[in-house]
Amino acid sequence: MPELSRRRALTAAAALTVTAGAAAAHGTTARAAADDHGHHDSPATFDEVYKGRRIQGRPASGGGHHHHGGPPVAVFVDGVELHVMQNADGTWISVVSHYDPVPTPRAAARAAVDELQGSPLLPFPATTAAAAN
């Protein structure tokens with residue numbers, strides 16, 4: 001049996017670290033999906049305060065909502081609608097965090113709150129609000 005070299009020991013340690021990290025990331029994603037008690041085709045209704053901001057989500061019932069795939073869902077941050085969209089792979093994005101897909105509409109609302117960093121969410125499209133001023 002060959003001796004254990006420093007290179008082999010470091011390679012084995014790196015492989016274990018990557019494997020453990022991937023397992024932890026998978027567990028986090030699974031927990032986030034379980035928190036919402038829903039599937040990608042039936043988002044759960046939610047109403048909570050996240051980092052001091054009220055986030056809400058519910059199935060949309062027509063009335064001016066524009067949907068680009070997935071089930072119609074209305075998401076709000078402090079009463080202002082957050083435009084969300086479901087990707088083909090089942091993940092969700094919002095107009096605020098467009099390049100960071102998340103597993104559920106609730107996670108999209110939380111990501112938007114994180115990205116806003118305390119700033120108010122402006123109605124979408126923002127040009128309508130700017131024209132009124």
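The residues of the chain are indexed from 1 along the displayed sequence.
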What is the minimum heavy-atom distance between V102 and A111, and which atoms define it?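 That would be CG1-CB, 4.5 Å.
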Mind checking the CD1-OG1 spacing from I93 to T91? Nearest 0.5 Å is all I need.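 It comes to 7.5 Å.
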What distance separates K51 NZ from D114 CG, expressed to the nearest 0.5 Å?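 Output value for this atom pair is 3.5 Å.
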Can you list the residues that meet the side chain to side chain contact (heavy atoms under 4.5 Å, CB included) rule with [X], with sequence neighbours excluded?
X: V96; result: L82, S94, A112, E115, L116, L121
X: D78; result: R53, R54
X: E48; result: Y50, I55, R106, R110

Any non-hydrogen side-chain atom of W92 less than 4.5 Å from a side-chain atom of V73?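 They are in side-chain contact.
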